[in-house]
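For reference, the structure discussed in these notes is given below.
When a residue number appears, it is its place in the shown sequence, counting from 1. From a predicted model like this one, the values you see are computed outputs, not experimental measurements. Quick note: numbers below take in every heavy atom, side chains included, and nothing from hydrogens, waters or symmetry partners. One-based numbering, in listed order, for ligands and for the atoms of each.
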Amino acid sequence: MSEREVPEEFASTFAKVEPYPFEETDDLREGPNLHDDLLALLPLVGRWRGRGQGGYPGIDDFMYGQEMSFTHDGRPFLKYSARAWLIDEDGKPIRPAAQETGWWRVVKGEDPKRPEVEVLLAHPTGILDLYYGHVDGTKIEIATDAVVRSPQAKEVTAGKRLYGIVEGALMYAQEMAAEGNPMTPHLSARLGRISG
Ligand code: HEM
């Protein structure tokens with residue numbers, strides 16, 4: 001339909017639409033209060049940047065930079081995204097690397113001291129992960145309950161991640177079972193807080 005064919009009443013409706021009217025924040029000092037259900041994940045909220053190293057059977061070891069953000073809008077979930085880039089020994093960027101985006105929620109667990117978390121992740125490589133796990137103080141351990149792959153995706157069958165807040169830094173280690181290998185380390189990184 002050409003612009004001229006848009007009925008007059010619709011044209012005025014579109015013109016009136018304001019930008020998204022609700023606040024979303026990565027800073028606990030601003031915007032809506034964090035939902036009570038998310039208290040166990042509070043230390044993650046913010047923006048992070050740092051470096052990591054990786055490897056896997058059959059590939060060369062590598063180093064990477066990464067940015068990560070956890071934001072919320074007062075509802076009981078965190079919006080998560082991360083992007084990485086390969087770097088050389090001097091930290092110079094080589095090329096963009098993995099990105100992932102998804103949602104973190106606290107679901108009702110049996111032990112109030114170990115809240116259960118659910119993490120949904122989508123990767124641009126044709127892979128979707130559903131992770132479950134627990135928060136133990138400043139440590140979060142999650143493992144895949146399901147991995148869905150498109151026909152072209154690499155054969156990733158399971159994943160495991162350990163996140164920890166250590167002296168204000170966000171550290172994590174990630175393992176995966178892929179391409180016929182059992183659960184094997186792929187990544188580890190240390191990120192510093194850049195806001196929030
Ligand atoms: C910080 C994030 C990540 C970085 C920097 C990274 C980096 C790499 C690099 C450099 C390779 C070697 C092949 C290539 O150059 O593409 C690779 C392979 C691979 N990565 Fe990652 N990766 C990351 C996250 C992930 C995630 C989240 C998954 C799974 C969902 C994943 C699954 C794989 C698989 C299956 C291979 C192929 C292994 C093989 O061929 O045996 N990676 N990754």
Side-chain angles (χ1 to χ4, degrees), residues 26 41 43-71 77-105 107 116-135 138-196:
D26 58 23
L41 297 177
L44 295 179
V45 175
R47 305 187 91 80
W48 305 85
R49 186 185 298 136
R51 282 188 187 171
Q53 55 189 28
Y56 206 69
I59 68 171
D60 291 335
D61 288 351
F62 56 87
M63 289 186 298
Y64 63 95
Q66 190 173 35
E67 287 179 345
M68 203 176 266
S69 87
F70 292 88
T71 66
F77 58 82
L78 296 181
K79 184 197 266 187
Y80 162 79
S81 72
R83 56 184 181 181
W85 63 99
L86 298 188
I87 55 174
D88 66 18
E89 313 80 69
D90 303 321
K92 230 175 90 211
I94 301 171
R95 64 169 172 86
Q99 300 202 353
E100 58 186 29
T101 180
W103 312 96
W104 290 57
R105 295 198 293 169
V107 291
E116 198 172 319
V117 289
E118 175 193 284
V119 181
L120 298 167
L121 296 182
H123 308 271
T125 47
I127 294 174
L128 296 167
D129 298 323
L130 168 59
Y131 280 91
Y132 281 108
H134 289 95
V135 185
T138 54
K139 202 174 82 180
I140 306 170
E141 213 161 348
I142 56 175
T144 48
D145 180 65
V147 179
V148 178
R149 301 186 306 271
S150 70
Q152 289 79 24
K154 291 255 186 184
E155 201 222 353
V156 178
T157 53
K160 236 160 83 172
R161 298 181 180 202
L162 173 64
Y163 293 83
I165 304 286
V166 183
E167 291 165 2
L170 172 56
M171 301 184 68
Y172 71 83
Q174 183 176 328
E175 298 176 31
M176 66 183 175
E179 303 288 308
N181 297 290
M183 198 62 84
T184 307
H186 185 41
L187 308 165
S188 63
R190 184 178 190 280
L191 313 181
R193 192 178 272 287
I194 52 175
S195 82

Of Glu100, Arg95, His123, the residue with the heavy atom nearest atom 30 (C) of ligand 1 is His123
Tell me the protein heavy atom at minimum distance from atom 4 (C) of ligand 1, and give that distance in Å. Leu187 CD2, 3.8 Å
What protein heavy atom is closest to atom 38 (C) of ligand 1, reported as residue, atom name and distance in Å? Tyr56 CD2, 4.0 Å
Tyr64 neighbourhood, listing ligand 1 atoms whose heavy-atom distance to it stays under 4.0 Å: 1 (C), 5 (C)
Interatomic spacing from CZ in Arg95 to CG in Leu86 - rounded to 0.5 Å: 4.5 Å
Atom 7 (C) of ligand 1: closest protein heavy atom, distance to 0.1 Å, is Phe62 CZ, 3.2 Å
Decide yes or no for Glu155 and Arg149: does some side-chain heavy atom of the first lie under 4.5 Å from some side-chain heavy atom of the second? yes
Intermediate values then yes/no, side-chain contact (heavy atoms from CB on, under 4.5 Å), Asp129 and Val119: CA-CA 8 Å; Asp129 298 323; Val119 181; over 6 Å; no
I'd like to know whether the aromatic ring centres of Tyr172 and Trp48 sit less than 6.0 Å apart in this structure. no
Less than 4.5 Å apart, any side-chain heavy atom of Ile165 and any of Leu170? yes
Just distances here: any N/O of Lys154 and N/O of ligand 1 closer than 3.5 Å? yes
Parallel, tilted or perpendicular, judged at 30° and 60°: which one describes the rings of Tyr80 and Phe70? tilted
So between Glu155, Arg149, His186, whose heavy atom ends up nearest atom 17 (C) of ligand 1? His186
Pick whichever of Gln99, Arg161, Arg83, Met176 has a heavy atom sitting closest to atom 28 (C) of ligand 1. Met176
Measure from the side-chain N and O atoms of Thr101 to the backbone N and O of Ser81, and report whether any donor-acceptor pair falls under 3.5 Å. no
Tell me the protein heavy atom at minimum distance from atom 39 (C) of ligand 1, and give that distance in Å. Glu179 CG, 3.8 Å
Nearest-neighbour protein heavy atom for atom 12 (C) of ligand 1, which is reported as residue plus atom name and distance: Ile59 CD1, 3.6 Å
Specify the protein heavy atom at minimum distance from atom 35 (C) of ligand 1: its residue, its atom name, and the distance to 0.1 Å. Val156 CG2, 3.5 Å
Could you check atom 27 (C) of ligand 1 against the protein and tell me its nearest heavy-atom contact, residue, atom and distance included? Gln174 NE2, 3.3 Å
Could you go step by step and tell me if Ile59 and Glu179 meet the side-chain contact (heavy atoms from CB on, under 4.5 Å) rule? CA-CA 12 Å; Ile59 68 171; Glu179 303 288 308; over 6 Å; no
At less than 4.0 angstrom from any non-hydrogen atom of Gln66, what atoms of ligand 1 do you find? 1 (C)
Could you give me the CA-CA distance, side-chain angles and deciding distance for Leu191 and Gln66, then say whether side-chain contact (heavy atoms from CB on, under 4.5 Å) is met? CA-CA 8 Å; Leu191 313 181; Gln66 190 173 35; 4.2 Å; yes
Under 4.0 Å from a heavy atom of Ala98: which atoms of ligand 1 are those, numbered in the order shown and with their elements? 2 (C), 3 (C), 23 (C), 24 (C)
